[in-house]
Amino acid sequence: MICLGIESTAHTFGCGIVSDKGGKCSILANEKDSVTTEEGGLIPRELAKHHFEKAKEVIESGLKKANLKMKDIDLVAFSQGPGIGQALRVGAIAARTLALANEKPLLGVNHCVAHVEIGKAMTGAKDPIVVYVSGANTQIIGYEEGKYRVFGETLDIGLGNLLDSFGRKMGLGFPAGPALDKMYFEKKKYVELPYTVKGMDLAFSGLGTAAGQKIGKERKEDLAYGLLHNAFAMLAEVSERALAHTEKEELLLTGGVAASKALREMLEKMCNARNAKFFVPPFSVCVDQAAMIAWLGLVEFRAGNRMKVKESGIDPRQRTDAIRVNWLD
Ligand code: FE2
């Protein structure tokens with residue numbers, strides 16, 4: 001089967017085309033166009049405007065890249081949530097239109113679960129604890145008894161937002177992650193900053209505020225190191241406990257912040273210490289894109305999941321652990 005997927009939860013409008021021939025995930029196209037802002041921060045109506053303006057072009061370019069026509073597509077999938085309502089709505093309308101006009105089945109899928117499933121498909125990880133870290137999302141996820149459970153998550157902002165808001169105060173531009181990561185490896189000393197783990201959950205905003213107040217008082221590389229070190233160590237602590245609790249032996253890192261070499265090094269060290277395997281998918285599928293939506297669409301369709309158009313409403317607050325996972329075991 002071949003699925004065309006649409007992603008539009010936040011800054012990215014994407015069209016991915018994926019085949020599951022031979023049970024394998026083959027990405028035939030993964031086109032996207034993203035809103036970029038100098039100041040950061042996403043304004044919902046501007047996202048919607050961008051997605052509406054780019055939708056046709058991105059979808060056409062996906063089909064062209066895959067060298068296919070709509071008649072060759074067997075299924076249309078889209079991100080149903082979580083995300084920004086106005087942005088999600090554009091993707092849902094595009095997907096419904098494509099499905100209805102071409103008489104194809106339609107399936108709305110969960111964005112976070114899609115990150116997990118494409119990560120597994122691309123790395124060969126079987127049953128990992130997943131560290132999903134992006135601008136808005138920070139979750140430690142693992143499969144247990146019919147659902148992807150959230151073992152730990154941020155109580156305030158996402159890890160990527162922490163890095164970008166701190167980077168903005170430092171005048172690093174957007175996204176700030178790569179510049180901060182470079183500074184991390186140029187530190188001379190550790191600057192004392194908050195470290196906030198509450199049970200299995202994390203909080204980043206106090207760390208960001210404290211680090212912001214020290215700008216100009218400490219060497220910027222040392223400050224970047226302190227911020228990244230604490231944030232990543234908090235994640236490593238919680239994901240190690242999730243591994244220990246579930247007795248799983250694989251860790252999969254995904255989301256935009258997976259680009260951080262510092263984060264990868266820290267998690268890999270933790271995995272090595274407890275003999276767990278560490279996986280990071282190619283960066284092109286870590287970030288928000290639509291191949292993951294198309295792939296999860298195929299996985300769910302094969303498991304028998306179907307959706308009527310009237311059930312295809314968006315769900316901006318849809319939780320990872322609200323999805324019944326009937327395609328494993
Ligand atoms: Fe994402």
Side-chain angles (χ1 to χ4, degrees), residues 5-16 18 25 27 30-37 40-42 44 47 50-51 58 77-92 95 108-123 128-142 148 150 152-154 156-164 174-175 177 202 204 235 239 252-260 263 279-297 299 314-323:
I6 304 273
E7 157 63 25
S8 77
T9 53
H11 45 48
T12 298
F13 187 92
C15 170
V18 172
C25 171
I27 300 176
N30 202 6
E31 300 295 290
K32 60 182 176 142
D33 196 287
S34 303
V35 177
T36 51
T37 62
L42 302 173
L47 296 179
H50 167 268
H51 295 352
V58 173
F78 69 98
S79 278
Q80 202 167 18
I84 297 164
Q86 295 190 42
L88 280 168
R89 208 160 281 129
V90 182
V109 302
N110 180 277
H111 174 93
C112 307
V113 174
H115 272 292
V116 172
E117 288 297 343
I118 195 97
K120 284 162 62 186
M122 290 287 124
T123 60
I129 287 294
V130 180
V131 178
Y132 166 38
V133 277
S134 66
N137 296 293
T138 300
Q139 292 188 330
I140 295 51
I141 303 165
Y148 278 115
V150 178
E153 63 191 315
T154 179
D156 45 40
I157 55 173
L159 179 57
N161 284 352
L162 167 77
L163 304 184
D164 287 328
F174 176 86
L202 318 152
F204 294 116
L235 264 177
S239 41
L252 174 74
L253 172 65
T254 191
V257 191
S260 166
L263 176 58
F279 299 93
V280 189
F283 187 61
S284 60
V285 297
C286 285
V287 291
D288 286 357
Q289 32 70 40
M292 67 179 189
I293 303 303
W295 173 241
L296 181 55
V299 166
I314 56 156
D315 186 355
R317 294 183 176 273
Q318 189 177 63
R319 297 261 319 158
T320 306
D321 47 13
I323 306 302

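Every number for a ligand or one of its atoms is a count from 1 in the order of the listing.
Using modelled atom types, no side-chain atom of D315 and backbone atom of G81 make a donor-acceptor pair closer than 3.5 Å.
No hydrogens or angles considered: nothing links the side chains of H51 and D33 as a donor-acceptor pair under 3.5 Å.
H115 contributes NE2 as its N, O or S atom closest to the Fe ion (ligand 1).
Vertex the Fe ion (ligand 1); arms to D288 OD1 and H111 NE2; angle rounded to 10 degrees, 90°.
Coordination check, N137 versus the Fe ion (ligand 1): failed, since every N/O/S atom of the residue sits at 2.8 Å or beyond.
With sequence neighbours left out, D321 forms a salt bridge (charged side-chain N to carboxylate O under 4.0 Å, His left out) with R319. Listed by chain and number, the residues in a side chain to side chain contact (heavy atoms under 4.5 Å, CB included) with P82 are N110, H111, C112 (sequence neighbours excluded).
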